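Atom set for the values below is all heavy atoms of this structure, side chains included, hydrogens, waters and symmetry mates excluded. Predicted model, so just to flag it, every value in this text is computed and none were measured.
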Amino acid sequence: MEIILKLPDEIEKARASNRIVAEVLSRLREKVKPGVKTKDLDKLAEEITEKRGAKPAFKGYRGYPYSLCVSINEVVVHGMPSKRVLEEGDIVSLDFGVDYKGFCGDSAITLPVGKVTEKALRLMEVTERSLYDGITQAMAGNRLGDISAAVQATVENAGYSVVRDFVGHGIGKNLHEEPQIPNFGKKGRGIELKRGMILAIEPMVNAGKYEVRILSDGWTVITKDGSLSAHFEHSVAITDNGPDVLSKLN
Ligand code: MF3
Ligand code: CO
């Protein structure tokens, strides 16, 4: 296997796909409040996606049964929409992807439900900042480890831990392409980053220890120690002008 480099017109296709993802996440963000059923968020995501002529990228992926991942509190990633309702004080990660005209987009945000604790706010803030610190390193000539190390430093300097068992990924015609992008590593190590790569960088950050386990549903990933977890993700193209965040909300 190898890393598939994208031409400028392919990056524009990926941008169109990621724009739909960003639109969906921004509409879902308006809906997130106490009392909302997580399955209704999944439904809304599907409706918008269909209206835009795109296909949900997660549904059916390795048998995943929904379009959206909804990961509440100690759920790290891959929480499944259900009849569960959001409650005041929860933090909720919404992770969404589409396939539009043959290119995939993928992004995630973590949001507060109503009023949340200072601790929860700080966890989300640090996680999002670690994503941006990783993105800043997504430049041609840098190494993959520069991204990983930047994310890890921000997280660990804040006293949190980076999940080891799940990583970011290349993205393009397929949701998951090479390379894998760990959120931990060493500066100067790993493959050289090149123009035309599109990387889905997605720190998963636990307030406690980094260990996770998967529930018996085969999907839901939770922190082993029950601590809160946050998750942010952007799809980022490496261009001659530096990182281009294809999934940014605007
Ligand atoms: N953003 C996640 C990822 O890139 C979502 C995948 S969920 C799955 O891995 F259901 F599609 F597997
Ligand atoms: Co992803």
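- Residues E88 and K115 are not paired through a salt bridge, judged by the lack of any N-O separation under 4.0 Å between the basic side chain and the carboxylate.
- Between I222 and I214 there is no side-chain heavy-atom pair separated by less than 4.5 Å.
- In this structure, S93 contributes its side chain and T110 its backbone to no donor-acceptor pair below 3.5 Å.
- In this structure, Y100 and R52 approach most closely via the heavy-atom pair CE1-O, 3.3 Å.
- Between the side chain of S71 and the backbone N or O of V75 there is no donor-acceptor pair closer than 3.5 Å.
- A distance-only check finds no donor-acceptor pair linking the side chain of Y66 to the backbone of V70 [under 3.5 Å].
- Under the 3.5 Å distance criterion, with hydrogens and angles disregarded, no donor-acceptor pair is assigned to the side chains of S107 and E233.
- In this structure the side chain of I171 reaches within 4.5 angstrom of the side chain of L175, judged on heavy atoms.
- For the 3.5 Å distance criterion, the side chains of H169 and D106 qualify, holding a donor opposite an acceptor.
- Residues L25 and A108 approach most closely at CD1-N, 4.1 Å, considering heavy atoms.
- Between H78 and Y64, the closest heavy-atom pair is O-CE1, 4.3 Å.
- At distances below 3.5 Å, not a single donor-acceptor pair connects side-chain atoms of E50 with backbone N or O atoms of E47.
- Checked for salt-bridge contact, R195 and D240 meet the test: a charged N lies under 4.0 Å from a carboxylate O.
- Distance alone, capped at 3.5 Å, places no donor-acceptor pair between the D90 side chain and the N73 backbone.
- Atom CD1 of I109 is separated from atom NE2 of H234 by 9.0 Å, given to the nearest 0.5 angstrom.
- We find that K224 and E74 are not joined by a salt bridge, their nearest charged nitrogen and carboxylate oxygen being 4.0 Å or further apart.
- Residues E12 and R15 are paired through a salt bridge, judged by an N-O separation under 4.0 Å between the basic side chain and the carboxylate.
- Heavy-atom minimum distance, P182 versus V167: CA-CG1, 3.7 Å.
- No donor-acceptor pair under 3.5 Å is formed between the side chain of N206 and the backbone N or O of G208.
- Within the 3.5 Å criterion, the main-chain N or O of N174 finds a donor-acceptor partner in the side chain of E177.
- Taking the charged nitrogens against the carboxylate oxygens, K173 and D99 have no contact shorter than 4.0 Å, which rules out a salt bridge.
- With hydrogens and angles disregarded, a donor-acceptor distance shorter than 3.5 Å links the side chain of D225 to the backbone of K209.
- We find that R164 and E211 are not joined by a salt bridge, their nearest charged nitrogen and carboxylate oxygen being 4.0 Å or further apart.
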